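Written below as structure tokens is the structure these notes are about.
Note that the coordinates shown come from a computational prediction; the quantities given were computed from them, not determined experimentally.
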Amino acid sequence: MRRTNKRDKDEDMKSLEKLMYDEKKSMLTSIETVQRVMKDSELKPEFIEAIKEFLFYISDLQGITPTQAFLLSIIVEESLDGNVVTISRLARFLDCSKVRVMQFNEDIDDLVKRKFLRRTKKKYGNDGVGYVVSGDAITAIKKDCCFVPKSLTAKDGIHFFQLFFDLAHQRKEEEIDTELLVEEFEQLLEANGNIQFVKRLERLNLPVNSKLMVTQMARHLVLSQNEQISADSLGYLFDNRHEAYNEVHPMMEGNHLLMKRNIVEFAGKEEFLNRSMFKLTENAREKLLKGFSLPKDSETTVSTIKADGIVEKRLFFNDEVGRQITDLSELLSVEKLTAIQTRLKEHGRRTGFACLFYGAPGTGKTESVLQIAHKTGRDIMQVDMSEIKSKWVGESEQNIKAVFDNYRSLCKACDRTPILLFNEADAILGTRMGKALHSVDKMNNAIQNIVLQEMETFDGIMIATTNLEQSLDGAFERRFLYKVRFERPDVEQRKKIWQSMLPTLSDDTALQLATSYDFSGGQIENIVRKCDVESILYGESSVDAAKIQRFCQDETILKKDFPRIGFY
């Protein structure tokens with residue numbers, strides 16, 4: 001260990017004597033002096049005696065003890081570069097034993113309670129926890145003024161939930177333990193006795209842990225507009241695993257106090273009932289959250305499409321895509337899939353089928369999934385990625401986990417394994433960021449990692465569609481067993497699409513349309529729908545060659561000179 005030599009220490013003491021009588025003391029100069037003198041001091045009394053004036057300045061201004069002023073000064077210095085200051089780091093700074101530094105634990109805990117410090121879990125090393133100076137405390141030190149923690153008094157109900165979110169997020173990041181979370185939560189409730197939610201919550205006369213979970217669920221519903229919350233989101237409120245188990249496990253078993261009193265129930269309805277996802281009951285929402293803007297319906301990140309409700313359509317592909325779709329339809333038939341999965345299981349291989357449909361928009365990817373579902377009699381569970389990506393940090397990951405939990409629940413409830421469809425899945429299949437710096441990039445990486453992990457043990461049927469195959473992450477590419485590239489239709493296929501949708505077209509006219517306009521099937525369908533609307537409004541005779549020509553040109557954003565087309 002490098003020690004400060006005697007000459008350096010002598011110079012420090014001489015400089016200190018000049019500063020002792022300096023009337024321009026400030027927080028910054030006092031902290032700098034304390035850390036300079038105490039570095040490698042071995043906590044010798046003469047050094048502590050020498051800096052008493054500076055410790056008194058800090059303690060008087062901030063309303064803390066001189067010992068706490070001494071600790072705060074060192075932690076400020078050591079944490080300014082983003083370091084987490086542990087007991088070991090303090091011991092190295094002072095050049096003394098860790099046991100000796102541990103005598104200051106109560107003072108450090110008091111600085112945490114008074115919000116000068118934030119406790120955080122170290123990601124490496126032998127120390128379990130460390131400390132950093134809060135941003136607001138640093139601001140007060142720079143301004144040479146007394147640090148006053150932010151007020152716990154909320155302006156309204158929304159502000160109350162925002163204050164609670166900040167508190168719960170500190171617990172999730174392990175910056176505070178459950179004991180401190182509960183203490184600050186009770187202070188938050190006491191400071192906001194006039195808020196209607198708090199009044200109604202207190203009337204329920206619940207144990208504090210139950211109040212904590214109810215508030216977490218209410219916050220999630222009000223701020224995120226998502227009624228479903230995972231067991232993980234309730235479990236992280238408790239740092240003790242046994243305590244977390246004692247609270248969350250009874251919820252999953254359906255016999256928790258909150259369920260017995262009709263405050264909480266399992267999330268989902270019918271086939272989506274999920275024992276690891278929960279929501280407030282209608283009764284609780286009415287009692288606790290009256291006056292808040294809540295989702296009108298039970299909004300979820302998924303929807304079901306029933307196989308018997310899918311209209312059969314004829315699709316036109318080139319020979320290779322047509323063969324692959326036919327093979328997949330046959331493979332996913334009830335008889336074939338059961339036999340194949342049994343054989344795979346016997347050989348110790350994964351039994352799940354993950355398929356990727358990729359290609360330009362409008363080439364029939366989604367419609368192909370629908371037709372496969374129709375032919376095989378399988379329902380579709382479709383995922384809405386815009387709902388998955390919650391604006392609240394950490395909840396997108398919970399939402400994507402819930403998708404797979406819901407799918408497993410649906411599989412148990414169905415006679416035939418349904419299809420899990422990630423439609424337009426560009427957002428989760430793209431290349432992961434190597435060093436994600438921004439919260440959005442970190443969130444995307446977390447979502448992708450969860451999906452990759454789920455695909456490793458997936459034993460159902462998953463189909464993802466994407467328009468951006470060039471940015472597909474290699475890890476996803478390896479996990480898709482079947483990959484089908486959908487090409488834009490050629491002239492002959494476009495001709496057949498035109499005639500299937502507009503049977504009145506002659507062969508020559510359909511060929512002319514197919515030759516003149518390089519449209520996808522989706523674009524042709526748009527034009528035909530316009531023709532249908534025109535016919536309904538003005539009669540069949542209103543749709544002529546000129547009208548179709550205009551619709552075709554309107555469909556093309558980049559205008560060109562196209563040949564005129566007539567009926568033959």
Side-chain angles (χ1 to χ4, degrees), residues 61-65 68 72 106 108-120 131-141 143 145-224 229 233-234 236-239 243 247 258 263-264 280 284-294 392-394:
L61 182 58
Q62 300 299 337
I64 57 181
T65 68
Q68 290 169 350
L72 179 64
E106 288 187 11
I108 293 175
D109 288 343
D110 191 54
L111 288 172
V112 171
K113 287 181 180 180
R114 299 181 65 174
K115 307 247 182 343
F116 282 92
L117 303 180
R118 293 172 60 188
R119 185 185 291 114
T120 183
Y131 306 90
V132 295
V133 183
S134 69
D136 291 336
I138 290 290
T139 300
I141 288 169
K143 292 181 178 179
C145 63
C146 178
F147 166 62
V148 179
K150 287 181 180 177
S151 172
L152 293 177
T153 304
K155 295 178 291 187
D156 52 31
I158 295 291
H159 188 208
F160 170 82
F161 285 123
Q162 289 170 339
L163 291 173
F164 178 79
F165 175 82
D166 293 339
L167 190 58
H169 189 64
Q170 287 181 54
R171 171 67 212 112
K172 182 182 179 183
E173 295 299 311
E174 299 185 344
E175 295 171 1
I176 58 175
D177 56 21
T178 300
E179 183 181 356
L180 188 54
L181 169 66
V182 169
E183 183 179 325
E184 296 200 15
F185 173 59
E186 291 182 321
Q187 291 174 7
L188 184 65
L189 293 178
E190 185 177 352
N192 293 284
N194 62 319
I195 299 291
Q196 288 300 313
F197 170 79
V198 176
K199 289 181 180 179
R200 296 161 183 166
L201 180 67
E202 296 290 15
R203 289 193 199 115
L204 295 177
N205 195 27
L206 295 169
V208 67
N209 283 358
S210 293
K211 287 195 288 188
L212 197 60
M213 291 194 291
V214 168
T215 306
Q216 172 80 323
M217 297 177 76
R219 187 278 308 166
H220 186 71
L221 178 58
V222 170
L223 297 185
S224 299
I229 191 167
S233 296
L234 298 176
Y236 74 65
L237 296 172
F238 309 101
D239 56 357
E243 189 176 12
E247 292 294 343
L258 293 174
I263 297 171
V264 175
L280 295 174
R285 289 168 62 149
E286 179 63 28
K287 285 184 177 179
L288 294 170
L289 299 174
K290 189 174 183 180
F292 285 96
S293 176
L294 303 177
W392 294 99
V393 177

Closest approach of [X] and [Y], non-hydrogen atoms and distance?
{"X": "I64", "Y": "R114", "value": "CG2-NH1, 3.7 Å"}
{"X": "H159", "Y": "T153", "value": "CE1-O, 3.9 Å"}
{"X": "L237", "Y": "Q216", "value": "CD1-CB, 4.1 Å"}
{"X": "F147", "Y": "S134", "value": "CZ-OG, 4.2 Å"}
{"X": "V182", "Y": "L212", "value": "CG2-CD2, 4.4 Å"}
{"X": "R171", "Y": "I176", "value": "NH1-O, 2.9 Å"}

Nearest 0.5 Å, what's the [atom1]-[atom2] distance between [X] and [Y]?
{"X": "F165", "Y": "L223", "atom1": "CZ", "atom2": "CG", "value": "8.0 Å"}
{"X": "K211", "Y": "N205", "atom1": "NZ", "atom2": "CG", "value": "8.0 Å"}
{"X": "Q68", "Y": "F116", "atom1": "CD", "atom2": "CZ", "value": "8.5 Å"}
{"X": "K113", "Y": "E106", "atom1": "NZ", "atom2": "CD", "value": "9.0 Å"}
{"X": "L221", "Y": "R285", "atom1": "CG", "atom2": "CZ", "value": "5.0 Å"}
{"X": "M217", "Y": "I263", "atom1": "CE", "atom2": "CD1", "value": "10.0 Å"}

Next on the checklist: Run L280 and V264 through side chain to side chain contact (heavy atoms under 4.5 Å, CB included) and show every step you take.
Outcome noted: CA-CA 5 Å; L280 295 174; V264 175; 4.3 Å; yes
Taken in chain and number order and not counting sequence neighbours, the residues that satisfy salt bridge (charged side-chain N to carboxylate O under 4.0 Å, His left out) with K115 are E184
Check whether more than 12 heavy atoms from other residues, nucleotides or ligands sit under 6.0 Å from atom [atom1] of [X], and answer yes or no.
{"X": "K290", "atom1": "NZ", "result": "no"}
{"X": "Q187", "atom1": "CD", "result": "yes"}
{"X": "E243", "atom1": "CD", "result": "yes"}

Quiz item: Could you go step by step and tell me if T65 and D110 meet the side chain to side chain contact (heavy atoms under 4.5 Å, CB included) rule?
Solution: CA-CA 10 Å; T65 68; D110 191 54; over 6 Å; no
Under 4.5 Å between any side-chain heavy atoms of E202 and L189, yes or no?
->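 Heavy-atom side-chain distance check passes, below 4.5 Å.
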Does any non-hydrogen side-chain atom of L294 lie less than 4.5 Å from one of V222? yes
Apply the test side chain to side chain contact (heavy atoms under 4.5 Å, CB included) to residues D109 and L180: give CA-CA distance (whole Å), side-chain angles for both, the deciding distance (0.1 Å), then the verdict.
CA-CA 10 Å; D109 288 343; L180 188 54; over 6 Å; no
Between the side chain of Q62 and the main-chain N/O of C145, is any donor-acceptor distance below 3.5 Å? yes
Is there a donor-acceptor contact under 3.5 Å from the side chain of D136 to the main chain of P149?
-> no
Practice item. With side chain to side chain contact (heavy atoms under 4.5 Å, CB included) as the test, would you mind laying out the steps for D177 and R119 before giving the verdict? Key: CA-CA 8 Å; D177 56 21; R119 185 185 291 114; 3.7 Å; yes
Open item on the list: Holding to ring-ring contact (aromatic ring centres under 6.0 Å, His included), I want the full list of residues that pass it with F197, two or more places apart in sequence or in another chain.
Closed with: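 Scan of F197 (ring-ring contact (aromatic ring centres under 6.0 Å, His included), adjacent residues dropped) gives F160, F161.
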